[in-house]
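The next block holds one structure in the form of structure tokens; read it before the comments.
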Amino acid sequence: MKATLLPPPPPAKRRRGPRVAVLALVLCSLLVPLAFLFDRSQSGYVTTDERRRQEVVLPEFHHVEKADGDGTVNGLNQDAPKKTPKVNSGGLQKHKQTDQHTSRISTKPKVLPSPKVDPSEAVKESTQGTREVSKVRKRLDKGTNTDEVENEKACQLEFGSYCLWSREHKVVMKDSIVKRLKDQLFVARSYYPSIAKLEGQEELTVLMKQNIQDHERVLSVSTVDADLPSFINKKMEQMEQTIARAKSCTVDCRNVDRKLRQILDMTEDEAHFHMKQSAFLYNLGAQTLPKSHHCLSMRLTLEYFKSSSLGSNDSSARKFSAAHGRHYVILSKNILAALVVINSTVNSSKDPKKIIFHILTDAQNFYAMKYWFDKKSYREAAVHVVNYEDIIKEKLTKFNVRHLYLSEEFRVLVRSTEQPAGKTRMEYLSLFSHSHFFIPEIFKDLNKVVVLDDDVVVQRDLSFLWSLDMGDKVNGAIEFCGLRLGQVRNLLGSTTVDTKSCAWMSGINVINLDKWRKHKVTENYLLLLKKFLTKDETSLRAAAFPLSLLSFQHLIYPLDERLILSGLGYDYAIDEDVARSSAALHYNGNMKPWLELGIPSYRRYWKRFLTRDDKFMDECNIIP
């Protein structure tokens with residue numbers, strides 16, 4: 001029998017798929033950090049839905065009408081370190097083209113003149129100092145250099161309230177020697193290319209190169225004078241002598257000047273890069289829910305599903321729809337923020353048993369809020385937690401805006417036409433979001449409510465708001481006449497606009513729901529919404545600016561400006577006596593009182609209304 005040798009099997013082919021996948025993962029791991037480093041990712045992105053309201057992108061002004069008041073608007077921006085023109089192209093600017101083919105929608109109904117009703121005498125007496133806020137700010141600005149003021153306004157226009165925060169938290173560094181080293185290094189670098197080209201200066205070229213390398217080596221590890229080595233004075237003397245020798249040589253001054261300008265441009269670009277990244281981190285911190293707050297929400301949600309005895313009884317349900325009660329509506333995704341609003345309102349009220357709070361929240365925070373407010377008591381006041389998203393999805397299917405949006409905040413640069421340098425000012429304007437326009441549909445049995453932002457602290461009794469006779473007006477609000485509709489006409493499309501009408505602020509708003517339904521405010525809002533191209537969430541939220549102003553045109557009842565003090569979320573110049581005596585405080589801006597970024601001197605007014613001695617707050621390390 002002959003043995004036959006079988007041919008060896010062919011070598012197995014290596015699959016290139018796994019290797020390609022591994023290489024792709026490695027490449028992605030390298031590109032993702034670079035995207036954040038160079039700010040290619042979406043600014044202000046957070047991973048949870050508890051995102052705080054942000055200052056929304058609005059287009060730059062290409063045309064500004066001359067104002068009848070004391071200024072014109074120069075620009076609107078968001079408080080984020082990214083350039084606005086990229087985002088604007090798909091937002092509000094496109095509606096200028098579509099408005100030519102859209103029928104005009106007039107939001108100017110025939111309204112009756114409203115009687116002038118002032119707040120109660122108690123509020124007048126307790127808020128006498130509120131009008132002095134502008135005077136206090138003017139006194140603080142008098143001692144500031146004009147160039148510094150203009151630089152500050154330019155910084156705010158690009159980076160928003162980060163500039164205010166960084167100025168207050170600026171660390172004074174002892175680096176005078178380090179700065180001298182940098183100056184020597186810049187001068188030596190500017191002369192070195194010209195000296196290297198000269199014949200017979202080889203020794204000076206080598207010496208200058210050596211000194212430049214020594215300075216670079218020292219500065220790479222030293223940021224303050226204390227970090228410098230003991231022999232630094234000798235190095236500085238050697239550099240001074242080398243620079244003096246270089247200056248004595250005959251060189252082309254144009255080359256030196258060109259090199260100095262290149263170094264200056266590089267330094268400015270580097271400083272702007274670091275400013276941009278710092279502003280990005282600030283904005284991220286302002287929009288991200290603190291870890292302790294997220295912990296509290298998760299713990300309360302877990303307890304809700306573990307509990308078996310929850311749910312309002314029939315008497316509470318009847319009280320929620322009682323027309324004779326004083327109904328407050330709060331839109332919030334933050335348990336502690338809503339808690340402070342309720343505690344401060346109840347503690348300041350003379351008759352809390354008539355108060356009913358309606359908290360509109362999203363599906364993610366509904367169970368946590370319901371468990372918290374069902375277990376707590378608030379001096380006989382009732383608290384009704386409503387799942388906004390479920391109501392819109394199940395009962396109000398005709399509305400396309402399904403998610404809960406909080407009040408939107410916009411940054412406005414107001415520039416005077418007469419004295420541009422002296423009257424320029426930055427204002428932060430808060431307005432209704434899209435979700436506010438569905439309040440009459442959600443509370444069909446009510447005829448009047450007071451809407452409170454969740455960054456408001458009430459310090460005086462607000463019962464007088466329920467006796468206001470607003471005539472045929474719909475929205476009782478604080479007017480902001482530093483901005484008139486004529487100044488932002490290019491953002492309002494082809495809709496009929498009263499150019500002299502003032503803008504208004506959210507925070508505390510008295511809403512006559514019967515008049516709202518009579519004037520069909522929600523229907524007008526939906527018609528206006530179709531005129532603005534809202535292809536993504538950013539453009540949708542930006543559209544809240546013109547929609548809020550147009551929908552309530554000629555329907556605003558002006559409340560006394562002493563009712564609420566705004567600006568506690570960005571303005572460091574508010575006098576504490578004024579804040580202490582105001583009827584209500586509004587922390588509009590990015591520096592919310594529940595964040596570490598909050599202004600310390602104002603946070604104590606918010607913290608004193610936090611619930612104490614709660615086990616869940618202790619476990620989540622929430623310290624009042």
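For the single chain, residues carry numbers from 1 onward in sequence order.
Of the possible polar contacts, one joining the Q459 side chain to the S582 backbone as a donor-acceptor pair under 3.5 Å is found. In this structure, the side chain of N590 does not engage the main chain of A286 through any donor-acceptor pair within 3.5 Å. Side-chain atoms of K276 never come within 3.5 Å of backbone atoms of A271 as a donor-acceptor pair (strictly under, hydrogens ignored). A donor-acceptor distance shorter than 3.5 angstrom exists from the side chain of E409 to the backbone of G589, with no hydrogens or angles considered. At least one donor-acceptor pair under 3.5 Å links the side chain of S332 to the backbone N or O of N334. Under the 3.5 Å distance criterion, the side-chain polar atoms of T288 are left unmatched by any main-chain donor or acceptor of G285. Judged by distance alone, the side chain of D455 and the main-chain N or O of H586 form no donor-acceptor pair under 3.5 Å. A side-chain donor-acceptor contact under 3.5 Å links N347 to the backbone of N343. Without hydrogens or angle criteria, K592 side chain to Y587 main chain gives a donor-acceptor distance under 3.5 Å. Of the possible donor and acceptor atoms, one in the side chain of D225 sits under 3.5 Å from a partner among the backbone N and O of S176.
S433 places none of its side-chain heavy atoms less than 4.5 Å from the side chain of L406. When side chains are defined from C-beta on, F437 counts as touching S548, because their heavy atoms get closer than 4.5 Å. You'll find the side chain of R484 stays beyond 4.5 Å of the side chain of S501, heavy atoms only. Between F366 and V385 there is a side-chain heavy-atom pair separated by less than 4.5 Å. Contact annotation: the side chain of M505 approaches that of S430 to within less than 4.5 Å [non-hydrogen atoms, C-beta and beyond]. Using a 4.5 Å cut-off on side-chain heavy atoms (C-beta onward), I508 and I478 make no contact. Residues V450 and I511 fail the side-chain proximity criterion, which asks for heavy atoms closer than 4.5 Å. Contact annotation: the side chain of N475 never approaches that of V510 to less than 4.5 Å [non-hydrogen atoms, C-beta and beyond].
Classified by interplanar angle (parallel below 30°, tilted 30° to 60°, perpendicular above 60°), the ring pair F432/H436 is parallel. Between H434 and Y405, the two ring planes are perpendicular [angle over 60°; tilted spans 30° to 60°].
Atoms CD1 and CG, on I599 and L597 in that order, are 10.5 Å from each other to the nearest 0.5 Å. Taken to the nearest 0.5 Å, the CG atom of L336 stands 8.5 Å off from the OG1 atom of T611.
Counting heavy atoms of neighbouring residues, nucleotides and ligands inside a 6.0 Å radius, atom CZ of R603 exceeds 12 of them. Residue R167 places its CZ atom among more than 12 non-hydrogen atoms of other residues, nucleotides or ligands, all under 6.0 Å distant.
Under the 4.0 Å criterion applied to side-chain N and carboxylate O atoms, R261 and E268 are not assigned as salt-bridge partners. Under a 4.0 Å N-O distance rule, the pair D614/K376 qualifies as a salt bridge. Between E576 and R604 there is a salt bridge, since at least one side-chain N of the basic residue sits less than 4.0 Å from a carboxylate O of the acidic one. Under the 4.0 Å criterion applied to side-chain N and carboxylate O atoms, D577 and R580 are assigned as salt-bridge partners.
The two atoms that bring A573 and Y602 nearest to each other are N-OH, 3.9 Å, heavy atoms only. Between T361 and K333, the shortest heavy-atom distance links the atoms OG1-CA, 4.0 Å. A pairwise comparison of heavy atoms in Y162 and S278 identifies OH-CB, 3.0 Å as the closest pair. Scanning both residues, M275 and C163, for their nearest heavy atoms gives CE-SG, 4.3 Å. Contact between L360 and I439 at its shortest, heavy atoms only, is CD1-CG1, 4.4 Å. A pairwise comparison of heavy atoms in Y428 and S161 identifies OH-N, 3.1 Å as the closest pair.
When each of L331, V341, I342, V329 is tested with L452 by the rule side chain to side chain contact (heavy atoms under 4.5 Å, CB included), just one qualifies, namely V341. For the side chain to side chain contact (heavy atoms under 4.5 Å, CB included) criterion with L431, the lone passing option out of F480, F552, F545 is F545.
For the residue pair S506/N509, the side-chain donor-acceptor check at 3.5 Å is not satisfied. Between the side chains of S297 and H294, no donor-acceptor pair is found at a separation under 3.5 Å. Inspection of the Y572 and S601 side chains reveals no N or O donor paired with an N or O acceptor under 3.5 Å. When only modelled atom types and interatomic distance are considered, S407 and D453 share a side-chain donor-acceptor pair under 3.5 Å.
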Q: Would you please test S166 and Y282 for side chain to side chain donor-acceptor pair (under 3.5 Å) and show each step?
A: CA-CA 9 Å; S166 62; Y282 163 85; over 6 Å; no

Q) Passes salt bridge (Lys or Arg N to Asp or Glu O under 4.0 Å), E216 versus R189? Steps please. A) CA-CA 11 Å; E216 289 175 341; R189 283 174 173 173; 2.6 Å; yes

Q | Working for ring pair (Phe, Tyr, Trp, His ring centres under 6.0 Å), residues Y388 and H358 | A | CA-CA 11 Å; Y388 170 87; H358 303 273; over 10 Å; no

